[in-house]
2 protein chains.
Amino acid sequence: MTVASKTVSDVIHSHFGVLTRAEKQLAESLLDNYPVSGLGSITTIAENAGVSTPTVVRMVQKLGFKGYPDFQAHLHLEVEATISNPIAKHDRWAQNAPGTHILNRFADAIMSNLRQTLTDLDTATFDSVVSLLSDRKRGLYFVGGRITGALAEYFFTHMQVIRPATTLLSSNSSSWPQYALNMNAGDILIIFDIRRYEQEMVSLATAARKRGAEIVVFTDQWSSPAAKLARHAFRVRIEAPSAWDSSVVTLFIVEALIEAVQNSTWDETKERMKTLEGLFEQTKLFRKPG
Amino acid sequence: MTVASKTVSDVIHSHFGVLTRAEKQLAESLLDNYPVSGLGSITTIAENAGVSTPTVVRMVQKLGFKGYPDFQAHLHLEVEATISNPIAKHDRWAQNAPGTHILNRFADAIMSNLRQTLTDLDTATFDSVVSLLSDRKRGLYFVGGRITGALAEYFFTHMQVIRPATTLLSSNSSSWPQYALNMNAGDILIIFDIRRYEQEMVSLATAARKRGAEIVVFTDQWSSPAAKLARHAFRVRIEAPSAWDSSVVTLFIVEALIEAVQNSTWDETKERMKTLEGLFEQTKLFRKPG
DNA sequence: CGTCGACTGAAAATTTCTTTTCATGACAGT
DNA sequence: ACTGTCATGAAAAGAAATTTTCAGTCGACG
């Protein structure tokens with residue numbers, strides 16, 4: 001008999017009628033807190049159900065599995081399907097792109113990075129950072145390195161629209177001490193530092209901490225040394241089929257943060273954005289009169 | 001040592017630094033598709049990671065577990081927490097109520113954007129742009145708007161490492177005419193222009209065309225007016241569950257281009273990068289003597 | 001009341017998994 | 001070049017799990 005695409009739960013239900021007393025007892029136990037209860041060894045689940053191990057073997061064979069390992073393999077697949085995310089199953093990308101094309105390979109890598117990053121990412125961390133960034137009493141300072149400078153700038157540009165008191169540090173580290181000097185207790189320093197890590201980031205972070213600033217770090221899975229000084233750190237997967245690291249997932253998180261912050265302070269942001277729109281229009285008029 | 005309430009994932013991360021090569025390899029394998037990948041037997045996961053079973057045992061002990069069964073028991077508890085308690089830490093990718101957290105909704109949107117963009121994208125266009133950018137006889141000019149300026153800068157920073165004759169135009173449009181004046185026939189102007197489109201982009205593109213430059217445009221699905229003047233245009237999906245447009249997929253294409261260009265001119269790029277690395281090192285020595 | 005058939009778990013047999021031991025090879029420091 | 005340290009996996013030893021065997025139990029039915 002084949003168990004094909006039906007879930008283990010389905011199979012148990014459909015066979016419930018032909019099960020014996022001890023087997024029904026076992027089935028109940030398995031369905032209770034399904035499918036996690038089937039994760040352990042045959043001994044464990046036999047004990048939990050209050051039956052003997054041979055009963056387990058007989059039942060899974062009656063259900064159509066080859067043996068207990070086979071049964072458990074099916075269960076594992078189900079757990080995986082339950083836990084793992086929707087983006088895991090991306091079928092064919094661009095049909096016109098052959099499988100080996102760089103675009104496809106890149107897409108695969110980015111998918112995997114995104115999936116892993118989100119798996120590791122604690123939503124509580126994310127939410128905490130959002131509320132930190134939403135607090136208008138705190139000044140925001142953004143800094144990035146040679147490559148990540150663009151990300152810092154992107155983040156900064158948006159936050160500057162959303163709220164006041166945002167500053168972008170030049171990517172030239174010699175000016176950093178002056179910025180640190182201006183920081184007040186409760187201010188936030190957002191650091192982008194992925195390998196190869198910049199030496200001066202640690203000094204900057206230390207100086208900021210001394211001034212009482214909170215630190216949020218965007219780094220890679222191997223963690224910048226500056227992350228040790230941070231209140232919150234985002235460990236992003238950055239590997240790509242390339243000589244360079246990928247910033248795509250980092251940008252993803254930045255954009256999600258932007259939206260979340262904007263959303264949490266919408267009432268205040270709304271007016272601000274309207275005013276700003278007006279200013280932009282005015283600037284254009286100044287430059288192109290008529 | 002106790003591993004108490006920290007998740008296995010946390011423990012792996014916090015120990016990542018002290019892991020050896022094979023152990024890191026194993027850790028990667030475990031974190032990939034965590035926590036499901038740790039469900040099988042020690043033999044299975046060792047095979048999946050391409051390491052020996054003793055390595056597995058040594059690592060889990062190094063992580064503070066009593067042995068593999070202990071390690072797996074913790075993992076099982078986490079799986080249980082994940083599945084049976086939707087509000088638990090791992091509720092992202094929510095199985096029952098998909099897309100409640102902003103991260104989920106963003107991920108869905110980006111996935112969809114990426115898929116659609118790749119479906120619409122002609123690989124021939126991509127490859128043509130790669131060969132244009134790989135041609136060292138052509139000068140490269142990058143320009144972006146208020147928001148997209150960061151993308152232009154990111155692209156520029158990488159290309160500057162890979163090849164000579166790259167220029168980043170200031171995002172202040174008043175200086176653009178001077179840059180246009182310097183362009184030669186065959187040079188390439190890479191424009192980032194997504195809604196709301198910048199008026200001056202068309203003027204710049206027109207001026208560049210007059211000088212004989214080729215134009216490559218990154219725009220959105222509604223197309224910047226500058227795209228009409230372009231040799232090649234990337235129409236990227238930019239919609240996000242946000243008041244802002246998403247640049248994630250644009251950055252994706254930029255990174256793919258960077259890799260493809262680097263790859264197609266690796267022999268020349270190699271030496272160049274080595275020299276550059278040396279220069280960076282030297283700079284550091286200058287800044288931090290001793 | 002006796003017989004039969006089916007169910008069940010104890011225990012043995014078997015298989016698989018986990019842990020330990022140990023030889024090898026790589027590498028840093030002398 | 002030598003030496004000691006460490007990482008690694010093959011293989012053996014040990015432990016546990018899985019499957020099979022088998023005898024005891026129970027109820028159905030004559």
Side-chain angles (χ1 to χ4, degrees), chain A residues 1 3 8 11-12 14-31 35-80 222, chain B residues 1 3 8 11-31 35-80:
Chain A
M1 174 198 166
V3 283
V8 173
V11 177
I12 294 179
S14 68
H15 286 70
F16 205 84
V18 300
L19 298 183
T20 66
R21 179 193 54 75
E23 286 168 353
K24 277 181 177 147
Q25 191 177 327
L26 169 62
E28 295 280 6
S29 167
L30 284 176
L31 291 175
V36 180
S37 35
L39 248 43
S41 73
I42 202 171
T43 319
T44 313
I45 69 166
E47 267 178 18
N48 285 344
V51 301
S52 65
T53 55
T55 300
V56 179
V57 174
R58 280 190 292 260
M59 191 187 76
V60 299
Q61 286 175 348
K62 195 184 272 186
L63 294 179
F65 299 96
K66 212 180 160 195
Y68 186 74
D70 182 35
F71 169 80
Q72 206 172 43
H74 281 259
L75 225 41
H76 280 178
L77 284 177
E78 277 182 48
V79 170
E80 172 158 12
W222 302 282
Chain B
M1 174 196 169
V3 284
V8 174
V11 177
I12 293 179
H13 275 123
S14 66
H15 286 72
F16 204 85
V18 300
L19 297 183
T20 65
R21 179 193 54 75
E23 286 168 352
K24 278 185 174 138
Q25 192 177 326
L26 169 62
E28 296 279 5
S29 167
L30 284 176
L31 291 176
V36 179
S37 36
L39 248 43
S41 73
I42 203 171
T43 320
T44 314
I45 67 164
E47 266 178 19
N48 285 343
V51 302
S52 65
T53 55
T55 300
V56 180
V57 175
R58 279 190 292 259
M59 190 186 77
V60 299
Q61 287 176 348
K62 195 184 273 188
L63 294 180
F65 300 96
K66 215 180 158 193
Y68 186 74
D70 183 35
F71 169 81
Q72 206 170 42
H74 280 257
L75 225 40
H76 281 177
L77 284 178
E78 276 182 47
V79 171
E80 171 156 16

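Atom set for the values below is all heavy atoms of this structure, side chains included, hydrogens, waters and symmetry mates excluded. Below, chain A is the first sequence line, B the second, and so on; all start at residue 1.
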Integer-rounded Å distance: [N] [atom2] and [X] [atom1]:
X	N	atom1	atom2	value
B/Q72	D/dA16	CD	C1'	13 Å
A/L26	D/dT18	CG	C1'	15 Å
A/Y68	D/dA16	OH	C1'	14 Å

task: Have a look at A/Q61 and say if it touches a base, only the backbone sugar-phosphate, or nothing, with a 4.0 Å heavy-atom cut-off.
output: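 It contacts sugar-phosphate atoms only.
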query: Rounded to the nearest 0.5 Å, how far does CG of A/L75 lie from CG of A/D70?
result: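 Rounded to the nearest 0.5 Å, the CG-CG separation comes out at 11.0 Å.
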- request: Starting at CD1 of A/I45, measure out to OH of A/Y68 and round the result to the nearest 0.5 Å.
  value: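 The distance works out to 3.5 Å.
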query: Looking at residues 37-47 of chain A, who's got a heavy atom less than 4.0 Å off DNA chain C?
result: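 Per residue number, the list is empty: none.
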task: With a 4.0 angstrom cut-off to heavy atoms of chain B, pull out the first and last contacting nucleotide of DNA chain C, in 5'-to-3' order.
output: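 On DNA chain C, the outermost contacted nucleotides are C/dC17 to C/dT20.
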- prompt: In chain order, what residues pass the side-chain contact (heavy atoms from CB on, under 4.5 Å) check against B/E28, with sequence neighbours excluded?
  reply: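 With neighbours one apart ignored, the set is A/Q221, A/W222, A/R237, B/F16.
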Nearest non-hydrogen partners of B/L63 and B/V11, listed with the distance: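 In this case the closest contact between B/L63 and B/V11 is O-CG1, 3.4 Å.
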query: What is the minimum heavy-atom distance between A/H15 and A/L19, and which atoms define it?
result: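 Closest heavy-atom pair between A/H15 and A/L19: O-CG, 3.3 Å.
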task: Please say which of A/E23, A/Q25, A/K24 ends up in a side chain to side chain contact (heavy atoms under 4.5 Å, CB included) with A/R21.
output: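 Single side chain to side chain contact (heavy atoms under 4.5 Å, CB included) partner of A/R21 among A/E23, A/Q25, A/K24: A/Q25.
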Name the atoms and distances for all side-chain donor-acceptor pairs under 3.5 Å in residues 47-61 of chain A, with sequence neighbours left out.
residue	atom	partner	partner atom	Å
A/S52	OG	A/T55	OG1	3.1

Residues 36-44 of chain A, side-chain donor-acceptor partners within the protein, below 3.5 Å, at least two apart:
residue	atom	partner	partner atom	Å
A/S37	OG	A/L30	O	2.9
A/S37	OG	A/D32	O	3.1
A/S37	OG	A/N33	O	3.1
A/S41	OG	A/T43	N	3.3
A/S41	OG	A/T44	N	3.2
A/S41	OG	A/T44	OG1	2.9

query: Under the 3.5 angstrom rule, does the side chain of B/K62 hit a backbone N or O of B/V18 as a donor-acceptor pair?
result: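 Present.
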Look for any protein N or O under 3.5 Å of an N or O in nucleotides 5-11 of chain D and output each such pair with its distance, or none.
residue	atom	partner	partner atom	Å
D/dT8	OP1	B/R21	N	3.3
D/dT8	OP1	B/A22	N	2.8
D/dT8	OP2	B/T20	OG1	2.1
D/dG9	OP2	B/S52	OG	3.3
D/dG9	OP2	B/T55	OG1	2.9
D/dG9	N7	B/R58	NH2	3.0
D/dG9	O6	B/R58	NH1	3.2

